[in-house]
Amino acid sequence: LEYIARENDYSDRDDLLHYEEKNVPKEFEDGKDFVDTMEKNSRSNARLLKKYEMSLPREFSDKDNIKIAKEFCEKKFGNEYAYFLGIHNPKGNHPHLHVSVCERKLDGIERDKEKYFKRANTKNPEAGGIKVNEEFATEKYFENFCKDWENHLNKNLIENGYEKLSPKKDKFQVENKTWEVEKVRSYSKVQ
C-alpha cells in the first residue's frame with residue numbers, strides 16, 4: 001500500500017494521480033490498520049492481497065483515466081471487497097492503475113477487527129473470520145478479470161473515437177529482433 005499510495009519510502013516519487021481506499025470496515029482506522037491487522041492475524045503463508053496492474057490510455061487526460069479506473073473497480077468489486085487503488089503516471093507518459101484487493105468477501109457481520117482474518121466458520125459465521133473467495137486464485141478468474149478490463153477499456157476508447165484493442169489478437173511491431181529496440185504500435189484516432 002505504501003508503494004501505490006506513494007508513502008514513506010516512496011514519498012519522493014511525484015507520479016501519484018490518485019489513491020483511494022474502498023470498503024475498509026468501520027472497525028479499522030484506515031487501510032493501513034486493515035492491512036497491518038491482516039498481517040498479524042492471518043496464516044504465515046496466507047496471500048494477503050491480490051494485486052493487479054493495468055495500463056491506462058495515454059491519449060486520455062489524467063481526470064478521464066481516474067474516472068475509468070474508479071468505474072472499473074466499483075463495477076468489479078462493488079461493496080463486497082476491501083480494495084486499494086493507486087493511479088500513477090511516471091513522467092506523464094505511462095498512466096497505469098494498481099489495485100490491491102482483499103480476497104475475503106465482506107459479509108456485513110460486525111466482529112472484533114482481529115477476528116476478521118481468522119478461519120471462517122461456515123456453521124456459525126459470527127464466530128469466525130470472513131470467508132476467502134477461492135475463485136480469486138483460479139486461472140479462469142484471472143482470464144475473466146482481464147477480459148472485463150479489456151471490455152471496460154474498449155467501451156471508453158470507442159466512446160472517445162478510438163479503435164478498440166484486442167490484446168490477444170494484436171501483435172507488437174518490432175523494428176529490430178532485439179528486445180532493446182522494441183517499438184510497440186500505439187493507437188490514435190487517426191489509426
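One-based numbering along the sequence shown.
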> Given the rule in the side-chain contact (heavy atoms from CB on, under 4.5 Å) test, do Asn156 and His152 qualify, once you have shown the distances and angles that lead to the verdict?
Replying inline: CA-CA 7 Å; Asn156 283 279; His152 181 71; 3.7 Å; yes
>> With side-chain contact (heavy atoms from CB on, under 4.5 Å) as the criterion, how do Glu39 and Leu48 come out once you've worked through the C-alpha distance, each side chain's angles and the decisive distance to 0.1 Å?
In response: CA-CA 7 Å; Glu39 277 184 320; Leu48 302 180; 3.1 Å; yes
>> Determine whether Ile4 and Tyr10 satisfy the following criterion, side-chain contact (heavy atoms from CB on, under 4.5 Å), listing intermediate values before the conclusion.
In response: CA-CA 9 Å; Ile4 66 174; Tyr10 307 99; over 6 Å; no
> When you look at Lys147 and Glu150, which way does the salt bridge (Lys or Arg N to Asp or Glu O under 4.0 Å) test go after all the steps?
Replying inline: CA-CA 5 Å; Lys147 191 66 177 167; Glu150 178 184 335; 3.5 Å; yes
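Listed for the Asn89 side chain is a donor-acceptor partner under 3.5 Å among the backbone atoms of Asn93. Put simply, the side chain of Glu2 never gets that close to the backbone of Asn8: no donor and acceptor are under 3.5 Å apart. In this structure, Arg119 contributes its side chain and Gly128 its backbone to no donor-acceptor pair below 3.5 Å. Side-chain N or O atoms of Asn41 include none that pairs as donor or acceptor with a backbone N or O of Lys118 at under 3.5 Å. A donor-acceptor distance shorter than 3.5 angstrom exists from the side chain of Arg104 to the backbone of Ile130, with no hydrogens or angles considered. Under a 3.5 Å cut-off, the side chain of Asp112 and the backbone N or O of Lys115 do not form any donor-acceptor pair.
With rounding to the nearest 0.5 Å, the separation of CZ in Phe72 from NZ in Lys155 is 12.5 Å. Note: Ser55 OG to His94 NE2 = 5.0 Å, rounded to the nearest 0.5 Å. For the atom pair NZ of Lys22 and NZ of Lys70, the computed distance is 6.5 Å after rounding to the nearest 0.5 Å. Here the CG-OG distance, from Asp9 to Ser11, works out to 7.5 Å after rounding to the nearest 0.5 Å. Taking OG1 from Thr37 and CD from Glu114, the interatomic distance works out to 6.0 Å, rounded to the nearest 0.5 Å. Between Asn154 atom CG and Ile158 atom CD1 the span is 5.5 Å, to the nearest 0.5 Å.
Ion pairing between Lys67 and Glu71 holds under the 4.0 Å rule for side-chain N and carboxylate O. Of the charged side-chain nitrogens involved, none lies within less than 4.0 Å of a carboxylate oxygen, so that Lys131 and Asp107 do not count as a salt-bridged pair.
Across Lys40, Lys113, Lys26, a single residue satisfies salt bridge (Lys or Arg N to Asp or Glu O under 4.0 Å) together with Asp33, and that is Lys113. None of Asp62, Leu97, Asn65, Ile87 except one satisfies the side chain to side chain contact (heavy atoms under 4.5 Å, CB included) rule with His18; the exception is Ile87.
Residues meeting the side chain to side chain contact (heavy atoms under 4.5 Å, CB included) test with Lys51, sequence neighbours left out: Ser100. Looking at residues two or more places apart in sequence or on another chain, you find a side chain to side chain contact (heavy atoms under 4.5 Å, CB included) between Val101 and Lys50, Tyr52, Phe77, Tyr81, Tyr83, Phe136.
Between Phe145 and Tyr141, the angle of the ring planes lies from 30° to 60°, which puts this pair in the tilted group. In this pair, Tyr3 and His88 present their aromatic rings perpendicular. The plane angle is above 60°, beyond the 30 to 60° band.
Under the 4.5 Å side-chain contact rule for hydrophobic residues, Ile68 and Val99 share a cluster.
Using modelled atom types, one finds a donor on one side chain and an acceptor on the other under 3.5 Å when comparing Glu27 with Tyr116.
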